[in-house]
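A quick write-up on the structure given underneath.
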Amino acid sequence: MKTQPPVKKENQRTYLRFTLAQRVEHLVMLLSFAALALTGLPQKFATHPLSVSFIKLLGGIENLRAIHHTAATVMMLGTIYHIVVVGYKIFVERRRMTMLPALQDVKDAWFALLYNLGLRKSRPQMGRYTFEEKAEYWAFVWGTVVMGFTGFLMWNPITAAKFLPGEFIPAAKAAHGGEAVLAVLAIIVWHMYHVHIRRFNKAMWTGRLTEEEMLHEHPLELADIKAGLGDRPIDAATLRRRQRVYFPIAAALTIVMLFGVYGFVAAEETALTTIPPQEEQAAVFVPQTPTPIPTPIPSPTPTPKPPTPTPAADAAPSPPTWSGVIGPLLAQKCSACHSGATPAGGLDLSSYASALLGGANGPLFIAGDSANSLLILKFTSGSHPYASLLEEELALIMQWINAGAAE
Amino acid sequence: MKQRSKQSLGRWLRFLLGSAGLLFTTAALALLAGADLARAAPASLTALSGSNEQCLFCHKQPNMLLKVGDQQVLLTIDESAFLESAHGKAQAACADCHVDIKEFPHPDYSKSGLREFNFALYEATTPGCQNCHTEEAQNAMMGVHQQTLDAGNHNAAMCADCHNPHYAASAAEREEVPDVCARCHSELAATYKASVHGEALLAESNPDVPNCISCHDSHNISDPRTVEFRNNIPLLCARCHSDASIMDKYGISTNVLDTYVADYHGTTVTLFEQTSPGLATNKPVCTDCHGIHDISKTDDPQTGIRLKENLLVRCQRCHPDATANFPDAWMSHYDASPEKYPLVYYVNLFYKFFIPAVIGGMLVFVISDIIRRIVDRVKGGAHA
């Protein structure tokens, strides 16, 4: 927007097109846009293998999102800066609003197309900003508004859903993705062609255009400059007066907008940062029985109960004898080990006579004294390995010993 | 001495003849073995021949209880029931599994409690299991139960906790599996049985619903508390839920995985699963909204999350500040259409035309400009 007195350089006049501040601003927007595109498209096409590889490269989707959010914040700050600067140019410097679209731009575009198609003799002559540049600028403005609004909804869905129907959030996501594709394609097709391919325009880096470039691309602006019709300098007093009005307003506006950005970034803690709680804080190990398996099964064939002696009535009439009860019982329970050529522990229970001999640890029983009999002690103390007698069996044996251990 | 040996031989003979169903050859072998061992074995340890009959001589005694700690273990074997079991029919010998029991008295297993006794038994018999059930045993060795056992928690399931080695005719049937798991996981099993899957399994033996092992596997049971398991849950559910041959019968959408993946939650989880399966994400997987063992129908009047109030409760578990509008931010596994989520549908439709229109318009200018410049250059025009 600024035109300064032409400068002589290498036999050719050059004209300042972009100030250093504008070039830096462009660089910031370029970097944040590129970062947004590079981290945004893999989110839109998240299942594509290329996206997955790229996300992996950046250390995961959470990193990617953090970069995206940071770049978005940079772009929002850049936008605020731009608004303040444009306001200064309009309200303080009272520059001509050369970026505003006008009917002439439609005509220029139409004539350019006709020229390209060979239906007009000459290219339309354009001023400081051509219709191509205006289209790009206003597309960027439109895109920033759409992306900002939809981005807010996605970044702060809970806050958004307090004011808007919930459906706006997936809709915002759809629009954000659609707009992103549009913006990236537009940059590739429109910007790349006009600035880098048609003629490599370095003005955004060097800040200057040569007279020849000016003649080609901005002939009307060049003519204005030559005719002295550029922006007129403002006298210092007027400038200061306007600044005194603008600066407080701009400062207040900036603070409000910065608050907006802060709200954008920090409006809500959308979700828990931890893994969501399980639906049931269920106890995992809750055994049904004290110990599951092997479950003691009920004895498959109940022991044929030996005649249960009732101490008072039966003791006297018929005390058990070896040949009647005890011998067969021990044969069934014990003879697997306590018989044969080398009976375990030297105890042979195969006959009354051998049982009387006892084993390596001494006599098996003391007739009449079951309490001190080895046989009973072994079982009541539980010191007999891998063998057991039922309580009623033990009782029967005790009864037999106490009654004299008859054959 | 000679007389005594003759006597004992006689007793052995009587015992052997008395054993029902004993073949002559076996008898002869056992006789030889018995006679042989009688000479060789030390007095305190009696070597065993390894025949089931010899084991059963003691172990078929009813109520043969061994005290372990303050509990008891039943050492009795029901011979007839054993013969009906898978192992019995396969004519497995006791010693095929009880590979460590070669003599009497038997090795002394831990007696601090029944569980420790069982663990000692498990350690002793596992080589026996592995001999025949190699693959299953290998898988089980990688499973969470073995990991837990290795970590010193002997409450974790060992082979025989699920498979009764003496009496099971086969592995548990589909419908029986929840009861097997319930032996240790009774609360989870009860929850499952009341779920839409569990009810259908038990009430109608529905072949399409999962039982415990459909999701958890039977031997190579992976720890469901791991991040890997969690990140894989969408694909786990999708094994059935994107299969039209199962879902069509019930009118259930098979689009659930795709719609989930297309959404913010699913995209994130999928990316985690693909880029860093071991890294936890707080984004929900299927079970976070639908429940784990208590999965109910979405239109269940009590708990169904098709009801917005129920869904909101689910949302609020991760988004505590969510309000009534919020559940609509999730498209409930629908693709946007004029009926469902029309705003999303029309936004998509808009860009479907807007993008080609804008870019197409740009291309018209760009391409025509390129052509014109080429033509100009060829003609030697000044404004190349």
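The basis for the numbers below is simple: all heavy atoms, side chains too, and nothing from hydrogens, waters or symmetry mates. Within every chain, numbering begins at 1; the chains are lettered A, B, ... in the order of the sequence lines, protein sequences first and strands thereafter.
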* Asked: Which heavy-atom pair separates B:Thr323 from A:Lys162 by the least distance, and what is that distance?
  -> OG1-CG, 3.7 Å
* Asked: Which pair of heavy atoms, one from B:Gln274 and one from A:Val52, lies closest together, and at what distance?
  -> OE1-CG2, 3.0 Å
* To do: Go through the atoms of A:Ala139 and report whether side chain, backbone, both or neither lie under 4.5 Å from a heavy atom of chain B.
  => neither
* Structure fact -> Here the pair of heavy atoms bringing A:Lys173 nearest to B:Ala262 is NZ-O, 2.7 Å
* To do: Give, as side chain, backbone, both or neither, the part of A:Phe45 having an atom under 4.5 angstrom from any heavy atom of chain B.
  => neither
* Check whether any side-chain heavy atom of A:Pro276 sits under 4.5 Å from a side-chain heavy atom of B:Arg230, and report yes or no. => yes
* Structure fact -> Checked A:Ala109, A:Gly177, A:Ala172 vs chain B; the most non-hydrogen pairs under 4.5 Å come from A:Ala109
* **Interface moiety of A:Ala183 toward chain B, non-hydrogen atoms closer than 4.5 Å** => neither
* To do: Identify which part of B:Pro342 has an atom lying under 4.5 Å from any heavy atom of chain A, answering side chain, backbone, both or neither.
  => both
* Largest heavy-atom contact set with chain A, pairs under 4.5 Å, which of B:Ile367, B:Leu363, B:Ile359, B:Thr267 -> B:Ile359
* Starting from the C-alpha separation in whole Å, work towards a yes-or-no answer on side-chain contact (heavy atoms from CB on, under 4.5 Å) for B:Ile371 and A:Asn116. => CA-CA 7 Å; B:Ile371 294 168; A:Asn116 288 348; over 6 Å; no
* Per-residue contact mode, B:Met362 against chain A (heavy atom under 4.5 angstrom) -> both
* Please check if the side chain of A:Glu167 supplies one atom and the backbone of B:Leu343 the other of a donor-acceptor pair under 3.5 Å. => yes
* Check: A:Glu268 and B:Asp321 side chains under 4.5 Å, non-hydrogen atoms -> no
* Asked: Between B:Ser368 and A:Leu113, is any pair of side-chain heavy atoms under 4.5 Å apart?
  -> yes
* To do: Would you mind telling me which of B:Ala182, B:Ala156, B:Ala81 has the largest number of heavy-atom pairs within less than 4.5 Å of chain A?
  => B:Ala182
* **Contacting moiety of A:Glu132, where chain B heavy atoms sit under 4.5 Å** => neither
* State whether the side chain of B:Asn325 and the backbone N or O of A:Leu164 hold a donor-acceptor pair below 3.5 Å, judged by distance alone. => yes
* To do: Determine, stepwise, if the pair B:Tyr351 / A:Val181 fulfils side-chain contact (heavy atoms from CB on, under 4.5 Å).
  => CA-CA 9 Å; B:Tyr351 279 101; A:Val181 171; over 6 Å; no
* Asked: Which bit of B:Ala189 comes within less than 4.5 Å of chain A, counting heavy atoms only: side chain, backbone, both or neither?
  -> neither
* Non-hydrogen atoms of B:Pro320 and A:Leu272 that approach each other most closely -> CG-CD2, 4.4 Å
* Quick one: CZ on A:Arg65 to CG on B:Leu271, what's the gap to the nearest 0.5 Å? -> 7.5 Å
* May I ask you to decide if the ring planes of A:Trp190 and B:Phe365 are parallel, tilted or perpendicular, using 30° and 60° as cut-offs? => perpendicular
* Asked: So which of A:Pro170, A:Ala271, A:Ala174 has the largest heavy-atom pair count under 4.5 angstrom toward chain B?
  -> A:Pro170
* Structure fact -> The interface call for B:Ser276 against chain A, heavy-atom contacts under 4.5 Å, is neither
* Asked: Got a sec: does the CD of B:Gln316 have more than 12 other heavy atoms crowding it under 6.0 Å?
  -> yes
* To do: Give, for atom CD of A:Gln43 and atom OG1 of B:Thr268, the distance between the pair rounded to the nearest 0.5 Å.
  => 8.0 Å
* Asked: In terms of side-chain heavy atoms, does A:Tyr115 have a donor or acceptor partner in B:Asp369 at a distance below 3.5 Å?
  -> no
* **Atom of A:Gly118, atom of B:Arg372 and distance for their closest heavy-atom approach** => CA-NH1, 3.2 Å
* What part of B:Val347 is in contact with chain A, defined as an atom under 4.5 angstrom from a non-hydrogen atom: side chain, backbone, both or neither? -> side chain
* To do: Against chain A, label B:Ile370 side chain, backbone, both or neither, depending on which of its atoms sit under 4.5 Å from a heavy atom there.
  => both
* Asked: Closest heavy-atom contact between B:Arg373 and A:Tyr193?
  -> CD-OH, 4.0 Å
* **Side chain / backbone / both / neither for A:Ile169 at chain B, heavy atoms under 4.5 Å** => side chain
* Asked: Tell me, side chain or backbone of A:Pro157 under 4.5 Å from chain B's heavy atoms, or both, or neither?
  -> both
* **Residue A:Thr270 versus chain B: region with a heavy atom under 4.5 Å** => both
* Part of B:Val366 within contact of chain A (heavy atom distance under 4.5 Å) -> both
* Asked: Once you round to the nearest 0.5 Å, how far does CD of B:Glu187 lie from CD of A:Gln288?
  -> 11.5 Å
* Tell me, for B:Tyr346 versus chain A, whether the close heavy atoms (under 4.5 Å) come from the side chain, the backbone, both or neither. => neither
